[in-house]
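These notes concern the structure reproduced below.
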Amino acid sequence: MDPRRLALIRTGTAGQQRSVGSGYLVAPRLVLTARHVLVDGESGSRWPEVRVRVGHPNRGGMLNGAAAEVWKHPSLDVALVLLDADTGIEGTVSWGRPVGQAPLRYEGLGFPLASLVDEREVEHLRGELPPLSSGSERHYVLDQDPVPDSRADRTTPWAGASGAAVFCEDHLVGVVVRAGGSFGTGRLRACSAQALLADGFFGPVLAEYAAGPPQLVDIGAALPAERPAAQYTDWEREIERALWQWVPEAAAQVAQYRSLADKFGYRIPYGEQPSIERLTAMVTAHPRGLASLSGTLVAALRPDHREEVARLLVRARALQGSPLLSIDEHDRLLDLLGRVAKERPALLPHASREALRYAVLPESLTRPGFSADDLRAAVEGLEAMPDGEQGPVGTPSVPALVRVVEYVAAAVDAATGDQLRTWSDTVARRTGIHLTALGERRADARQWAARSLSPVSRVVMELTGVPGSADERYTCRILLVRQDGTRTVLHEPETVPRTPEQIARCLQDAVESVDAEPSWGMGVPWVTVVVDRQGLHVAVDEWNPGAPNELLPGQPIGVDYRVTMSCPEISEIVRRRDADQRRRWAAGSSAALTTDHTTATADQLRHRLETDHRDTARVVLHGPPEQRTTMLTYCLALGVPVILWDRQAACFEDADKLGRLEPVGPLPDLAERLRAFRGATFVRPEAAPARPSLVWEDGNGTPQPEPLHLTDPGRTHAT
């Protein structure tokens with residue numbers, strides 16, 4: 001990495017700077033950067049002014065000048081800009097491709113917002129590049145050592161680092177394109193150099209200004225260095241003690257060391273003499289080190305040592321965050337599930353929801369359009385999920401990932417199913433999982449595959465307002481509720497406040513994620529929005545997720561779905577409320593109570609609901625807002641399951657504005673009539689007669705706020 005080649009890129013119009021990014025001089029006049037630095041995020045058009053400063057502020061000789069885009073990748077966020085003036089820096093860069101399994105050290109230079117003082121200052125990016133954390137060969141994950149704090153204005157502190165070149169062993173291996181999402185400020189993502197060179201137009205453009213066509217060099221991680229025993233952590237001491245018991249002979253130590261080095265892609269220098277200390281360093285340096293070592297050892301160990309291996313693996317996952325699978329198991333599973341994902345892309349998310357009904361699934365399994373590119377992230381997310389209670393006689397429980405694999409195996413063809421079950425058997429033997437416990441999960445999977453899946457009856461979205469936020473923000477949880485009463489959690493970002501538009505997109509993704517289910521035959525999806533009493537007055541049905549694609553404009557969720565409200569909070573205060581709801585539904589009364597001047601007070605409404613309308617299942621509320629709010633609370637407390645009102649009504653005389661909705665028409669069709677009404681209002685907002693809200697409690701209770709996590713039953717089996 002040459003600091004003289006660092007570039008600061010400013011773009012915008014002739015009179016205003018609109019974007020700042022980083023770049024790197026890869027040839028005498030060519031700067032590599034992220035393309036979004038060069039374009040208007042709203043219109044997608046290129047900014048007319050591109051100014052580039054080449055050089056490091058502390059190294060002198062900086063050059064300022066204009067530039068223009070000369071190449072962009074057809075699908076990735078990278079581009080080349082050509083400087084108007086020569087920089088005087090000759091030559092080009094060396095291009096690299098990380099290989100093997102072991103994380104590599106990386107570094108780079110950029111201008112993130114976090115480094116802003118009086119002006120943008122240079123930040124020396126550095127950390128680890130874990131090749132296995134990437135979802136494809138097109139992108140890398142970068143775990144950053146210096147981690148900036150989150151900003152109060154909610155902008156990413158990494159803004160401006162986009163376009164920074166990423167180096168491993170002085171070879172350019174990628175370009176920073178965005179921050180790491182759910183991992184907070186400690187992770188970045190980079191487009192790989194391999195993906196750049198794969199584009200047929202990149203090489204010729206580079207060769208025109210460089211000495212020759214670019215060549216990729218494979219780069220492997222350096223061997224982990226052994227440390228003096230006095231500097232060992234407690235975990236390293238525990239591993240070393242175990243290794244002395246498991247592989248006391250020098251020949252076995254050499255064999256295990258070379259085997260692991262080969263698996264992880266390390267290069268062993270000629271003449272190196274492996275030892276327990278070096279084996280300890282390798283096992284503890286690589287995330288899958290202990291799991292991979294146990295795979296080669298377990299067959300040759302004594303029973304008591306095998307039990308010790310199993311206990312140590314459990315401790316590694318719980319205390320060190322180590323992944324479940326060995327290198328070989330991980331690669332084999334990706335191969336098997338990759339074939340399944342190509343033929344049946346919806347199966348893995350579907351099987352995961354069924355195998356882990358009350359657990360929160362990894363995000364990659366809740367998005368619509370699951371593909372083979374999402375597979376690695378899905379597998380690693382399932383690996384990281386917590387296990388349940390211990391199995392028989394203190395043995396480990398069946399991990400979440402293995403349960404899902406068993407469900408997939410039960411749903412595919414016989415040959416693939418046998419291969420997946422063989423994989424599960426291998427993992428069980430290595431980790432000490434009792435075969436009886438695995439057999440129970442296997443039987444569950446076969447029983448599930450043999451029965452028809454209960455159709456989804458509704459989607460439930462629980463909203464909680466975030467007090468004190470500068471703008472309107474909520475946390476949300478999204479569940480699927482099936483006709484047989486089972487529920488599956490899809491989204492639960494409870495610690496991530498989101499805007500209404502973001503939550504609407506989460507809901508849209510959740511609905512699309514089950515579109516491929518064969519049992520999804522409910523027509524227009526029904527969405528129940530669970531809120532507290534204050535949330536009943538939020539216009540959730542008007543939240544717009546934005547355009548679903550480049551062809552269709554966005555529209556509110558109340559137009560796409562049958563959106564109704566639910567307020568289970570009242571049931572915590574009024575113990576008879578749920579029973580009263582069931583009674584009103586069971587009575588079958590189709591007569592609706594419509595409030596007017598004769599029921600102008602809350603006491604009058606309560607009297608009618610407890611006498612001549614004791615079995616009424618529907619109330620249409622009219623009147624001024626303050627009075628309507630009190631009457632709404634009374635209706636909820638007295639167990640009325642269906643309540644309709646106009647949010648913008650000012651008085652009883654506004655009742656006619658709901659006329660087109662037929663508020664006292666057939667009850668089963670009310671939610672669909674409301675959706676059509678909202679659609680007409682959206683198309684012609686100037687003629688909007690009302691803004692209706694609808695509470696609809698189905699009488700079966702609502703999902704509880706806290707998720708349940710199924711665990712293996714604590715049964716006792718003979719060994």
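Basis for what follows: all heavy atoms, side chains included, without hydrogens, waters or symmetry-related copies. These numbers were taken from a predicted model, which means no experiment stands behind them.
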Of all residues at least two apart in sequence or in a different chain, which pass the side-chain hydrogen bond (donor to acceptor under 3.5 Å, both in side chains) check with E329? S326, R430
Applying side-chain hydrogen bond (donor to acceptor under 3.5 Å, both in side chains), name anything that partners D262, two or more places apart in sequence or on another chain. none
Given side chains that start at C-beta, do those of Q320 and R315 come closer than 4.5 Å, heavy atoms only? no
So does R126 pair up with E107, basic N to acidic O under 4.0 Å? no
Determine the sole option in L142, D145, V173 for which the side chain to side chain contact (heavy atoms under 4.5 Å, CB included) test with Y106 is passed. L142
Is it true that, when you exclude Q231 itself, more than 12 heavy atoms of the residues, nucleotides or ligands shown sit nearer than 6.0 Å to its CD? yes
Does W244 reach the side chain of R241, with side-chain heavy atoms less than 4.5 Å apart? no
Salt-bridge criterion met for R178 and D77 (N-O under 4.0 Å): no
So, S192 versus Q194: side-chain donor-acceptor pair below 3.5 Å or not? no
May I have all residue pairs that pass side-chain hydrogen bond (donor to acceptor under 3.5 Å, both in side chains) and include part of residues 251-260, sequence neighbours excluded? Q256-T296, Y257-E272
Between R311 and E308, does the salt bridge (Lys or Arg N to Asp or Glu O under 4.0 Å) criterion hold? Intermediate values first, please. CA-CA 5 Å; R311 287 192 292 269; E308 178 62 24; 3.0 Å; yes
Is D425 paired with R421 through a side-chain N to carboxylate O contact shorter than 4.0 Å? no
side-chain hydrogen bond (donor to acceptor under 3.5 Å, both in side chains) with S22: which residues, sequence neighbours excluded? none
Residue list, side-chain hydrogen bond (donor to acceptor under 3.5 Å, both in side chains) with E128, at least two apart or on another chain: none
Check step by step if ring-ring contact (aromatic ring centres under 6.0 Å, His included) holds for W95 and Y24. CA-CA 13 Å; W95 303 86; Y24 195 83; 9.3 Å; no
If we ignore angles and hydrogens, is there a donor and acceptor under 3.5 Å between the side chains of D413 and T416? yes
Taking side chain as C-beta onward, heavy atoms only, is E406 less than 4.5 Å from S424? yes
Contacts of type salt bridge (charged side-chain N to carboxylate O under 4.0 Å, His left out), residue E236, not counting sequence neighbours: R227
